[in-house]
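For reference, the structure is listed below as structure tokens.
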Amino acid sequence: MYKVLYRDGSAKSAVMETVHGTIKTPVFMNVGTIGAIKGAVAPTDLKEIKTQVMLCNTYHLHLRPGDEIVKKMGGIRKFSTWDGPVLTDSGGFQVFSLAKLRQIKEEGVTFRSHIDGHKIFMGPEESMQIQSHLGSTIAMAFDECVPYNSSYEYTKNSVARTTRWLRRCRKELDRLNSLEDTVNPHQMLFGINQGTTYNDIRAEHAKEIAELDLDGYALGGLAVGESHEQMYDVIEHTAPYLPADKPLYLMGVGTPENILESVARGVDFFDCVYPSRNGRHGHAYTSHGKINLLNKRFETDERPLDENCNCPVCRRYSRAYIRHLLKANEMLGLRLMVTHNLAFYNNLMSEIRKAIKEGRFDEYRKQKEEDFKIESEVNK
RNA sequence: GUGGGUAUAGCGUAGCUGGUUAACGCGCCAGAUUGUGGUUCUGGAGACCGAGGGUUCGAAUCCCUCUACCCACC
């Protein structure tokens with residue numbers, strides 16, 4: 001059950017009730033591809049920084065340790081001990097982003113494992129079966145992430161196929177949910193809208209998938225090379241054709257600024273590798289922009305990563321110490337960086353929800369965007 | 001004191017049978033990264049090659065002197 005509690009312009013704040021807990025939106029899902037956040041961040045750490053949803057990946061878990069194994073262990077939630085909601089990505093993006101030698105047909109996609117090169121076939125049914133084994137709260141439809149700059153003709157055909165695949169996903173998941181030994185018989189399904197930057201294809205596709213009455217809808221194939229303006233334009237011209245009473249998920253996005261701008265256009269769900277990957281690479285998010293801890297100027301900086309942050313890392317550790325750990329390749333450095341960055345994103349979402357509730361989101365958004373720009377002044 | 005060796009960017013090294021803008025690693029600096037192939041990728045700055053003199057069209061490379069450091073011996 002998804003219910004919008006507050007509206008502020010096009011921005012909205014809602015609650016989504018799931019069998020694994022309530023999700024307050026707008027929400028940033030923390031990416032834990034293989035059932036763990038990279039950087040040695042444990043599920044107990046996630047609880048402490050108020051993570052709401054963990055995002056896991058169908059493709060990766062299928063390869064290792066294998067979705068049958070995960071099912072035997074009681075599903076990804078029991079297996080990992082993360083007891084909150086989990087969203088599983090369908091594998092569609094991985095086929096597009098990392099599998100080489102892929103061959104796309106009506107039945108599905110044949111491609112090679114990035115681990116050992118063996119041939120794998122995945123179609124809508126396979127993706128749903130794997131996600132059912134994983135027992136996530138929300139399953140994503142199996143789609144083709146149409147590359148940016150694809151021709152109009154190719155995009156139109158691909159999107160039409162993604163629609164056919166979506167119907168197959170719905171049918172297969174209904175079957176799986178009704179089986180005796182299903183890990184989560186209440187598994188929900190989100191459909192994915194594609195069409196790159198062709199607004200008319202996006203709109204047509206949105207109307208078609210809206211008829212399927214799914215649990216939520218996502219905008220896919222964005223933040224893959226187009227400009228921010230193009231991305232915002234697509235959101236503005238596509239969101240109106242998707243059901244207003246269903247959550248909207250912008251896949252793979254993004255920077256704090258991207259999130260603020262997208263919330264302003266009605267987006268509820270986000271996920272992005274930035275906070276974790278950038279953390280591993282030494283970049284910390286602060287209320288005054290991103291800083292690179294590897295820079296020498298932090299060598300004896302006693303301040304926390306972000307002076308306006310109240311996360312467990314900022315309450316205790318200095319920039320200088322974390323820098324030292326990163327320089328020395330000590331794992332604790334990664335863990336502290338990633339934990340802070342995720343906490344920063346989670347806090348941002350919490351503040352966004354509060355601002356929407358209080359009807360001052362636009363003002364808040366502008367202030368934040370200004371703050372992010374003056375990074376060099378304050379952090380020097 | 002004697003013999004031998006070494007001196008090249010912040011550090012560690014390559015180049016040293018003489019030939020255009022002296023190379024590499026680390027460090028430093030800056031960018032990149034958007035449904036994650038777990039410490040990534042791309043760039044940049046920085047050295048009058050210990051000091052002085054000589055040979056030569058031309059010297060980091062050869063010769064001499066000095067200085068510093070290292071090793072061995074007395």
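Chain A is the first sequence line, chain B the second, and so forth, proteins listed ahead of strands; every chain is numbered from 1. These numbers come from a predicted model, not from an experiment.
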Notebook entry, point to check: Among Thr286(A), Asn341(A), Val313(A), whose side-chain contact (heavy atoms from CB on, under 4.5 Å) with Asp306(A) holds?
Noted result: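 The single option meeting the side-chain contact (heavy atoms from CB on, under 4.5 Å) with Asp306(A) is Thr286(A).
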Which part of the nucleic acid, if any, lies within contact of [X], taking any heavy atom under 4.0 Å across all strands shown: a base, the sugar-phosphate backbone alone, or nothing?
| X | value |
| --- | --- |
| Gly91(A) | nothing |
| Gly221(A) | base |
| Glu299(A) | nothing |
| Leu87(A) | nothing |
| Met29(A) | nothing |
| Leu219(A) | nothing |
| Asn292(A) | nothing |
| Asp271(A) | sugar-phosphate |

For [X] and [N], what is the distance between atoms [atom1] and [atom2] respectively, to the nearest whole Å?
| X | N | atom1 | atom2 | result |
| --- | --- | --- | --- | --- |
| Leu334(A) | U40(B) | CG | C1' | 12 Å |
| Tyr345(A) | G35(B) | OH | P | 10 Å |
| His62(A) | G35(B) | NE2 | P | 21 Å |
| Ile291(A) | G31(B) | CD1 | P | 13 Å |
| Leu222(A) | U33(B) | CG | C1' | 17 Å |
| Asn258(A) | U33(B) | CG | P | 11 Å |
| Asn329(A) | U39(B) | CG | P | 10 Å |
| Leu294(A) | C26(B) | CG | C1' | 13 Å |

Note to self: Measuring to OP1 and OP2 of C28(B), would you say a side-chain N or O of Lys327(A) lies under 4.0 angstrom away?
What the structure shows: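 Looking at the OP1 and OP2 atoms of C28(B), one of them is under 4.0 Å from a side-chain N or O of Lys327(A).
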Check: At under 4.0 Å, does any side-chain N or O of Arg323(A) touch on OP1 or OP2 of C28(B)?
Finding: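 For C28(B), OP1/OP2 do have a side-chain N/O of Arg323(A) under 4.0 Å.
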Margin query: Any donor-acceptor pair under 3.5 Å linking the side-chain atoms of Ser136(A) with those of Gln131(A)?
Written below: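 No, no side-chain donor-acceptor contact under 3.5 Å.
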Check: Between the side chains of Tyr241(A) and Glu204(A), does any donor sit under 3.5 Å from an acceptor?
Finding: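 No donor-acceptor contact under 3.5 Å links the two side chains.
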Can you tell me, in whole Å, how much space there is between the [atom1] of [N] and that of [M]?
| N | M | atom1 | result |
| --- | --- | --- | --- |
| U61(B) | C28(B) | P | 32 Å |
| G50(B) | C16(B) | P | 16 Å |
| C62(B) | G19(B) | C1' | 14 Å |
| A9(B) | C66(B) | P | 24 Å |
| A60(B) | G54(B) | P | 15 Å |
| U39(B) | A45(B) | P | 28 Å |
| G18(B) | U13(B) | P | 26 Å |
| A32(B) | A23(B) | P | 28 Å |

Nearest-neighbour nucleotide for the [X] side chain, [options] considered:
| X | options | value |
| --- | --- | --- |
| Asn278(A) | U34(B), U33(B), U39(B) | U33(B) |
| Asn295(A) | U39(B), C29(B), U34(B) | C29(B) |
| Lys290(A) | G35(B), A30(B), U33(B) | U33(B) |

For [N], the Watson-Crick or wobble partner whose two distances fall under 3.5 Å:
| N | value |
| --- | --- |
| U55(B) | none |
| U42(B) | A30(B) |
| G35(B) | none |
| C73(B) | G1(B) |
| C48(B) | none |
| U67(B) | A7(B) |
| U61(B) | none |
| U20(B) | none |

Check: Can you name the closest pair of heavy atoms from Ile356(A) and Ala11(A) and give their distance?
Finding: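 Taking every non-hydrogen atom into account, CD1-CB, 4.0 Å.
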Next item on the list: Give a yes or no on whether the backbone of Ser127(A) and the side-chain of Thr58(A) come within a donor-acceptor separation of less than 3.5 Å.
Entry: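 Answer holds: no.
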Check: Could you go step by step and tell me if Phe93(A) and Phe142(A) meet the ring-ring contact (aromatic ring centres under 6.0 Å, His included) rule?
Finding: CA-CA 9 Å; Phe93(A) 185 75; Phe142(A) 186 75; over 10 Å; no
Note to self: Does any part of the side chain of Thr162(A), heavy atoms only, come nearer than 4.5 Å to the side chain of Ile192(A), both counted from C-beta?
What the structure shows: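 In short, these two side chains do not touch, never coming nearer than 4.5 Å.
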Note to self: So Asp200(A) and Tyr152(A), do their side chains get closer than 4.5 Å, heavy atoms only?
What the structure shows: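 Yes, close enough: below the 4.5 Å cut-off.
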Next item on the list: Answer with yes or no whether Gln131(A) presents, from its side chain, a donor or acceptor under 3.5 Å of a partner atom in the base of G35(B).
Entry: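 Counting by modelled atom types and ignoring angles, no donor-acceptor contact under 3.5 Å is found here.
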Next item on the list: Measure distances between side-chain N and O atoms of Asn57(A) and base N and O atoms of G35(B), and say whether any donor-acceptor pair falls under 3.5 Å.
Entry: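 Counting by modelled atom types and ignoring angles, no donor-acceptor contact under 3.5 Å is found here.
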Item checked: Residue whose nearest RNA chain B nucleotide is more 5′ - Ala36(A) or His283(A) ->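 Residue closer to the 5' terminus by nearest nucleotide: His283(A).
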Check: Given that Gln194(A) and His281(A) both sit by RNA chain B, which one's nearest nucleotide is further toward the 5' end?
Finding: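 That would be Gln194(A).
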Notebook entry, point to check: If you measure from the Lys or Arg side-chain nitrogens to the Asp or Glu carboxylate oxygens, is any gap between Glu106(A) and Arg164(A) under 4.0 Å?
Noted result: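 A salt bridge links Glu106(A) with Arg164(A).
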